[in-house]
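Worksheet: the structure to be examined is printed underneath.
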Amino acid sequence: MVQYRRALARRNIAGLASFSTFLALLLAPLAACAPFAAQKDARLEGTSWKLARFQGGDGAVLEPDERSKYTLTFGADGVMRARIDCNRASGAWKSVDARQLEFGPMAITRAQCPPGSLHDQLVKQLPYVRSYLIKDQHLFLSLMADGGTYEFEPVK
């Protein structure tokens, strides 16, 4: 009886090993084609971006009237410089872990932007950005608590 149990256990272990190998071979191509594949070592230093759109946590989508009015430039010195419609801003930024991003206090000019501007929203929400992702040459900045995502495209 003991020999029978040992033989059965060996057969089960061999079967699990074969199944694990089969599963790994089956899933490997799927992992390579992941639909949300991001650039692994994408860094923000020395990059400039212009706003393409904002998608709120509620699904609402906002697009700027002119993308070049909303730009972010990430300096290697840890300073982010921005054009936010009719104003200019600068402030500290840091990314201590991959995909993590935080902005410090910003110095900003205070001109009154025209109606329909995304200025007030962007200035109010930038301090709540907590992560970023660069995918398909676009920068996505995510707000904390599923507040929404800003999508930027490279400045050319």
Side-chain angles (χ1 to χ4, degrees), residues 16-17 19-156:
L16 284 175
F19 180 73
S20 296
T21 302
F22 169 75
L23 193 57
L25 290 172
L26 180 68
L27 295 178
L30 295 176
C33 298
F36 204 62
Q39 297 173 9
K40 287 197 176 203
D41 294 323
R43 303 185 49 82
L44 293 174
E45 292 93 348
T47 62
S48 294
W49 307 89
K50 59 186 174 183
L51 181 62
R53 73 186 46 83
F54 170 76
Q55 182 162 350
D58 60 357
V61 176
L62 301 173
E63 294 185 6
D65 59 343
E66 187 179 323
R67 293 176 178 191
S68 62
K69 287 182 177 180
Y70 302 89
T71 61
L72 302 177
T73 300
F74 294 89
D77 58 357
V79 176
M80 183 272 303
R81 289 171 180 75
R83 176 179 178 191
I84 306 173
D85 198 350
C86 61
N87 287 294
R88 303 276 189 238
S90 66
W93 71 277
K94 68 179 179 177
S95 179
V96 293
D97 290 326
R99 297 194 214 169
Q100 182 181 4
L101 178 63
E102 288 186 46
F103 293 105
M106 289 190 301
I108 187 166
T109 59
R110 296 288 180 195
Q112 182 68 38
C113 296
S117 173
L118 298 176
H119 171 272
D120 293 344
Q121 174 182 326
L122 191 57
V123 168
K124 184 173 119 180
Q125 291 181 336
L126 275 178
Y128 298 105
V129 168
R130 289 298 177 263
S131 63
Y132 77 96
L133 174 70
I134 298 176
K135 179 184 177 235
D136 298 330
Q137 298 181 356
H138 279 225
L139 170 66
F140 297 87
L141 301 181
S142 297
L143 300 171
M144 60 193 292
D146 295 326
T149 302
Y150 284 94
E151 179 182 346
F152 290 82
E153 60 189 25
V155 171
K156 297 178 182 177

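Please read these numbers as outputs of a predicted model, since none were measured by experiment.
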[X] side chain to [Y] main-chain N or O, any donor-acceptor pair under 3.5 Å?
{"X": "Ser95", "Y": "Gln100", "value": "yes"}
{"X": "Thr71", "Y": "Ser68", "value": "no"}
{"X": "Asp58", "Y": "Ala60", "value": "yes"}

Listed by chain and number, what are the side chain to side chain donor-acceptor pair (under 3.5 Å) partners of [X], not counting sequence neighbours?
{"X": "Glu45", "value": "Arg43"}
{"X": "Arg53", "value": "Glu151"}
{"X": "Lys50", "value": "none"}

* If every non-hydrogen atom of Leu118 is compared with every non-hydrogen atom of Glu63, which pair is closest and at what distance? ->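 So the two residues come closest at CD1-C, 4.1 Å.
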* Return the set of residues passing side chain to side chain contact (heavy atoms under 4.5 Å, CB included) with Gln112 (not counting sequence neighbours), or none when no residue passes. =>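 Per chain and number, Gln112 pairs via side chain to side chain contact (heavy atoms under 4.5 Å, CB included) with no residue.
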* Who are the side chain to side chain contact (heavy atoms under 4.5 Å, CB included) partners of Gln55, not counting sequence neighbours? ->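 Gln55 satisfies side chain to side chain contact (heavy atoms under 4.5 Å, CB included) with Val61 only.
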Could you pull out all donor-acceptor pairs under 3.5 Å where a side-chain atom in residues 72-84 meets a protein atom, sequence neighbours excluded?
{"residue": "Thr73", "atom": "OG1", "partner": "Ser48", "partner atom": "OG", "Å": "3.0"}
{"residue": "Asp77", "atom": "OD1", "partner": "Val79", "partner atom": "N", "Å": "3.1"}
{"residue": "Arg83", "atom": "NE", "partner": "Asp85", "partner atom": "O", "Å": "3.1"}

Rounded to the nearest 0.5 Å, what separates atom [atom1] in [X] from atom [atom2] in [Y]?
{"X": "Leu141", "Y": "Leu122", "atom1": "CG", "atom2": "CG", "result": "9.0 Å"}
{"X": "Leu101", "Y": "Lys94", "atom1": "CG", "atom2": "NZ", "result": "10.5 Å"}
{"X": "Phe152", "Y": "Ile134", "atom1": "CZ", "atom2": "CD1", "result": "12.0 Å"}
{"X": "Trp49", "Y": "Glu153", "atom1": "CH2", "atom2": "CD", "result": "9.5 Å"}

* According to the ring-ring contact (aromatic ring centres under 6.0 Å, His included) rule, which pairs have a member within residues 107-135, sequence neighbours left out? ->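 Pairs touching residues 107-135 that pass the test: none.
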* **Pairs flagged by disulfide bond (SG atoms under 2.5 Å apart) wherever residues 45-98 is involved - sequence neighbours left out** =>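 Of all non-adjacent pairs touching residues 45-98, those that pass disulfide bond (SG atoms under 2.5 Å apart) are Cys86-Cys113.
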* Can you list every disulfide bond (SG atoms under 2.5 Å apart) pair that touches residues 119-156, not counting sequence neighbours? ->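 Sorted pair list comes back empty.
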* For Asp120, enumerate each residue passing the salt bridge (charged side-chain N to carboxylate O under 4.0 Å, His left out) test, keeping only those at least two apart in sequence or located in another chain. =>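 Checked Asp120 against salt bridge (charged side-chain N to carboxylate O under 4.0 Å, His left out); zero matches.
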* **With Tyr150 via ring-ring contact (aromatic ring centres under 6.0 Å, His included) - residues at least two apart** =>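 Partners of Tyr150 by the ring-ring contact (aromatic ring centres under 6.0 Å, His included) criterion, ordered by chain and then number, come out as Phe54.
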Return all side-chain donor-acceptor pairs below 3.5 angstrom for residues 103-111, not counting sequence neighbours, or 'none' if the list is empty.
{"residue": "Thr109", "atom": "OG1", "partner": "Asn87", "partner atom": "OD1", "Å": "2.7"}
{"residue": "Thr109", "atom": "OG1", "partner": "Arg88", "partner atom": "N", "Å": "3.0"}

* Taking C-beta and beyond as the side chain, do Val129 and Leu143 meet within less than 4.5 Å on heavy atoms? ->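 Counting from C-beta outward, Val129 and Leu143 do come under 4.5 Å.
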